Amino acid sequence: MEGQSDRQVTLWGHDAQRHYADIVSRTLALSQAEVLSRARGYVRRMVDLLGAIDLEAICGVRHPSGVFGRLFGGAGDRIDSPREFEAARVELDQLIALTGAAIEPLLELKEALEAQSRLIRAVTTEIEAAALAAAFLSEHHTTDQPALSRRFLERSMSLTQTVLQIRGSASLHDSQGEQPLSLISAIQDVVLVAMPGWLGTMAALTAASSARPQPNPTEVGEHQQQLRTILQQLKA
């Protein structure tokens, strides 16, 4: 009987703890899903391209660095000519299409992570209930079975520690669930709306046309500010 009691105490709440470990493992795998890394890669590439655009040089308000400037002035991979801007715009259009196609898989990932969060809350309640029950049984057997009482108390403390660890990781689990949502927001609000509008305006602005006057510094400055806003939103 004593051996059987030892086994029962040892396994008290064990299934719930093991279930929690499985949920965490599944949540970690979901947070590293390929669609998430691909969408982030698309956004990073957009940021790199947009950040390299030199509007003043492209619009003729300021001369581009030229060969010597690139060699000695640290211009690097700046996009500072209409030809380079057109090449960048083509790639940005491709990235816009790719990120748009990623919305549905990202929504599915978000829903899966939310389901994992619900499971974590449920198993936390289960472990907490097991801890309280073990504490009660420890108190109940204080007089008639002191050794069993101590084992129940130890088990209660172990389960309580598990609950504290789960709650301490709550912010991490929340952030994992928010990652797809923040990407979806960036794609919907910036990539699919703000960027195409800005790129269309800039394509018209930089197109060679004798009928259209060269943009002035104020006009270029306004477009530059719009570009900064887009970059800030993509980096957020």
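In what follows, every heavy atom counts, from backbone to side chain, and hydrogens, waters and symmetry copies are set aside. One is the number of the first residue; the rest follow in order along the sequence. Because the structure is a prediction, the values reported are computed rather than measured.
Panel note: side chain Ser169, backbone Leu172; no donor-acceptor pair is recorded below 3.5 Å.
Minimum interatomic distance between Val35 and Ala102 (heavy atoms only, all atoms of both residues): CG2-O, 4.2 Å. The heavy-atom pair separating Leu234 from Met46 by the smallest distance is CD1-CB, 4.3 Å. In terms of heavy atoms, Gln176 sits closest to Ser31 at NE2-OG, 3.8 Å. In plain terms, the two heavy atoms of Pro215 and Val220 that are nearest each other are CB-CG2, 4.0 Å. Listed here is the closest heavy atom pair of Gly13 and Arg155: C-NH2, 3.9 Å. Taking both residues in full, the closest heavy atoms of Ile79 and Ala88 are given as CD1-CB, 3.6 Å, listed atom of the first, atom of the second, then distance.
The side-chain heavy atoms of Pro180 and Leu107, taken from C-beta on, include no pair separated by under 4.5 Å. Between Val163 and Leu159, the closest side-chain pair of non-hydrogen atoms is not below 4.5 Å. Two residues are said to be in side-chain contact when any heavy atoms from C-beta on lie closer than 4.5 Å; Leu113 and Glu178 fail this criterion. Residues Gln32 and Leu36 have side chains not in contact (no heavy-atom distance under 4.5 Å, counting atoms from C-beta outward). Proximity of Asp54 to Phe85: side-chain heavy atoms (C-beta onward) are nowhere separated by under 4.5 Å. Taking the side chain as every heavy atom from C-beta outward, Arg118 and Glu114 approach each other to under 4.5 Å.
Residues satisfying the salt bridge (charged side-chain N to carboxylate O under 4.0 Å, His left out) criterion with Asp15, sequence neighbours excluded, are Arg18. Here Arg40 pairs with nothing under the salt bridge (charged side-chain N to carboxylate O under 4.0 Å, His left out) rule; sequence neighbours left out. Looking at residues two or more places apart in sequence or on another chain, you find no salt bridge (charged side-chain N to carboxylate O under 4.0 Å, His left out) involving Arg150. For the side-chain hydrogen bond (donor to acceptor under 3.5 Å, both in side chains) test, residues two or more places apart in sequence or in another chain that qualify with Thr162 are Gln17. Every side-chain contact (heavy atoms from CB on, under 4.5 Å) that Glu139 has, sequence neighbours left out, goes to Thr142. Under the side-chain hydrogen bond (donor to acceptor under 3.5 Å, both in side chains) criterion, Ser175 pairs with no residue, sequence neighbours left out. Looking at residues two or more places apart in sequence or on another chain, you find no salt bridge (charged side-chain N to carboxylate O under 4.0 Å, His left out) involving Glu111. Residues that satisfy the side-chain contact (heavy atoms from CB on, under 4.5 Å) test with Thr229, not counting sequence neighbours, are Gln225, Gln233. Residues satisfying the side-chain contact (heavy atoms from CB on, under 4.5 Å) criterion with Gln224, sequence neighbours excluded, are Leu55, Leu227, Arg228.
There is a path of hydrophobic side-chain contacts, each under 4.5 Å, that joins Ile53 to Leu49. Both Leu192 and Leu199 belong to a common hydrophobic cluster when Ile, Leu, Val, Met, Phe, Trp and Tyr are linked at side-chain heavy-atom distances under 4.5 angstrom. Grouping the Ile, Leu, Val, Met, Phe, Trp and Tyr side chains by contacts below 4.5 angstrom, directly or via other members, places Leu50 with Val47. Hydrophobic clustering of Ile, Leu, Val, Met, Phe, Trp and Tyr side chains at less than 4.5 Å, counting indirect connections, unites Trp198 with Ile187. No chain of hydrophobic side-chain contacts below 4.5 Å, direct or via other Ile, Leu, Val, Met, Phe, Trp or Tyr residues, connects Leu137 to Leu11.
To the nearest 0.5 Å, atom OG1 of residue Thr201 and atom CD of residue Gln226 are 7.0 Å apart. Residue Met202 holds its CE atom at 6.0 Å from CD1 of Ile58, rounded to the nearest 0.5 Å. In this structure, Lys110 NZ and Leu30 CG are separated by 13.5 Å, a value rounded to the nearest 0.5 Å. We find the CD-OG distance between Gln145 and Ser138 to be 11.5 Å, quoted to the nearest 0.5 Å. Put simply, CD on Glu108 and CD1 on Ile103 are 12.5 Å apart, with the number rounded to the nearest 0.5 Å. Here the OG1 atom belonging to Thr99 is positioned 9.5 Å from the CG atom belonging to Leu106, to the nearest 0.5 angstrom.
Arg38 CZ: more than 12 foreign heavy atoms inside a 6.0 Å radius.
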Less than 3.5 Å apart, which donor and acceptor atoms pair up between the side chains of residues 124-135 and the rest of the protein, not counting sequence neighbours?
residue : atom : partner : partner atom : Å
Thr124  : OG1  : Ile120  : O            : 2.6
Thr125  : OG1  : Arg121  : O            : 3.1
Glu128  : OE1  : Arg167  : NH2          : 3.0
Glu128  : OE2  : Arg167  : NH2          : 3.3

Give the table of side-chain donor-acceptor pairs shorter than 3.5 Å for residues 89-97, with sequence neighbours excluded, one pair per line with atom names and distance.
residue : atom : partner : partner atom : Å
Arg89   : NE   : Glu86   : OE1          : 3.1
Arg89   : NH1  : Asp93   : OD2          : 2.8
Arg89   : NH2  : Glu86   : OE2          : 2.6
Glu91   : OE1  : Arg45   : NH2          : 3.1
Glu91   : OE2  : Arg45   : NE           : 2.7
Glu91   : OE2  : Arg45   : NH2          : 3.4

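Residue pairs that meet the ring-ring contact (aromatic ring centres under 6.0 Å, His included) test with at least one member in residues 8-43, sequence neighbours left out, are Trp12-Phe152.
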